[in-house]
Amino acid sequence: MGSVDSQSRVLSGMRPTGKLHLGHYHGVLKNWVKLQHEYECFFFVADWHALTTNYDDPYGIEQSTWDMVIDWLAAGVNPGSATLFIQSRVPEHAELHLLLSMITPLGWLERVPTYKDQQEKLKEKDLATYGFLGYPLLQSADILVYRAGHVPVGADQVSHIEMTREVARRFNHIYGKEAGFEENAIAAIKKMGKKAGKLYESLRKRYLEQGDTEALETARALLRDQQNISLGDRERLFGYLEGGGKVILPEPQPLLTPESKMPGLDGQKMSKSYHNTIGLREDPDTVSQKIRTMQTDPQRVRRSDPGDPAKCPVWQLHEVYSDDSTKDWVQTGCRSAGIGCIECKKPVADAVIEEQRPIRDRALRYEDDPGLVRSIIAEGSDKARDAAKSTLDEVRSAMGLSYE
Ligand code: TRP
Ligand code: SF4
């Protein structure tokens, strides 16, 4: 599989941070569950990425990985639809990272905004390491090794995808040349048959001469549909479309993850570092208790004081979980002191617990059977490895390292 299917391939990774919370669910996980039905998805645990910042104490990574994978499964990520694996189980990521490191200018890595930001943020750690500087390139390798077309990420990661595109372009520019490229491309067009060949040529012309990107997209779709040309020829023709050489590593696009609207218990964004989370599979009693003890409008001291939902984090949860009539009930009851805060919190707690019910249920069989989780990951890692190997074969050959 080459650039052929790359447009329909999605890859994303998560650092193993341990048990996930409802913020992850409303942001990343629900998105993954949706994407798994629309694309060929690869989702992985970025355990080597965790090492770039936690090299001094890596012993929690393993447990965090299993906890996180159970959360994925509990949220509805389906190993029958998506390939789930652990980065370090696919050593091809490391090989591609090394090969790409040869052509990546230091300046590109130093200029990635997260490099300085993270060093500032994690001041207590010594991040003046080779591994930490190279981490966006490891991410590039994660993506390019599957020739993924789309990469779901948060806004903070878009610069990494940008760099990945530059690295891919540079790789294709340096190693995508072959003797007689043009002749080979023209021969490949003939193999498409008269009609498709003619169409390809006219679309290519429209793109190269008029910059018509719609023509480019149509031509790509045409190539994807061709049954009777080889993988090599197809890649040649993808490259020839844009006037260049072979496209060995296609440029991925970021697929911006919709921002999670899930507020934390204190009204700030839900985040582990704010200690304001509700765990994805937290037990109902703890959830009730966490919501019962939530801060409310600080001006509402006594039950008889009217309050203002706009100043209350509980209201933000109503915004996520309640229908219009419940929201009206809160607005009116709060402002007139007609309802108490405990009363107001009840429907939210119920809704959260109800939302978690199928998640907790799905988690049970994995919690009870760690072997099942291991085997899902083993199978996913094998599958990922096959895909990664086929890219590496081409990469090695393009770089003159096939030793056949
Ligand atoms: N760097 C990402 C993060 O911190 C995780 C990640 C690693 C990733 N490799 C990736 C995401 C590849 C998307 C694609 O969130
Ligand atoms: Fe907040 Fe509801 Fe209490 Fe008003 S009644 S302060 S919205 S918890």
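Read the numbers this way: they start at 1 and go in the same order the structure lists the ligands and their atoms. Just so you know, residue 1 is the first one in the sequence shown, and it goes up from there.
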Does either side chain, that of T83 or that of K383, offer a donor lying less than 3.5 Å from an acceptor on the other one?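 Checked: T83/K383 side chains pair up, N/O donor to acceptor below 3.5 Å.
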Under 3.5 Å donor-acceptor, D233 side chain and A185 backbone: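 Flag not set: sc D233 to bb A185 has no pair under 3.5 Å.
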Please check: side-chain N/O of R234 versus main-chain N/O of L223, any donor-acceptor pairing under 3.5 Å?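 Yes; at least one donor-acceptor contact below 3.5 Å.
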Has E404 got more than 12 heavy atoms of other residues, nucleotides or ligands less than 6.0 Å from its CD?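 For E404, atom CD is not crowded (no more than 12 foreign heavy atoms under 6.0 Å).
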Validation: residues 295-305 side-chain donor-acceptor distances under 3.5 Å, sequence neighbours left out:
from : atom 1 : to   : atom 2 : distance (Å)
D297 : OD1    : Q299 : N      : 2.9
D297 : OD2    : D308 : N      : 2.8
R300 : NE     : D305 : O      : 2.7
R300 : NH1    : I339 : O      : 3.0
R300 : NH2    : R303 : O      : 3.0
R300 : NH2    : I339 : O      : 2.6
R303 : NH1    : A337 : O      : 2.7
R303 : NH2    : G338 : O      : 3.3
D305 : OD2    : V301 : N      : 3.1
D305 : OD2    : R302 : N      : 2.8

Which of parallel (below 30°), tilted (30 to 60°) and perpendicular (above 60°) describes W72 and F43?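 It falls in the perpendicular class, over 60°.
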Near atom 1 (Fe) of ligand 2 (under 2.8 Å) - protein N, O or S atoms: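 Protein N, O or S atoms closer than 2.8 Å to atom 1 (Fe) of ligand 2: C312 SG.
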Between F85 and Y146, does the ring centre distance come in under 6.0 Å?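 So the answer is yes for these two rings.
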Among R360, R281, R362, whose salt bridge (charged side-chain N to carboxylate O under 4.0 Å, His left out) with D71 holds?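 Running salt bridge (charged side-chain N to carboxylate O under 4.0 Å, His left out) over R360, R281, R362 with D71 returns exactly one hit, R281.
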Ring pair (Phe, Tyr, Trp, His ring centres under 6.0 Å) partners of residues 101-126, not counting sequence neighbours, each pair once: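 Sorted pair list: Y115-F132.
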Heavy atoms under 4.0 Å from ligand 1: which residues qualify?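 If the criterion is a heavy atom under 4.0 Å, then ligand 1 touches L11, S12, G13, R15, F44, A46, H49, Y135, Q139, D142, I143, V151, V153, Q157.
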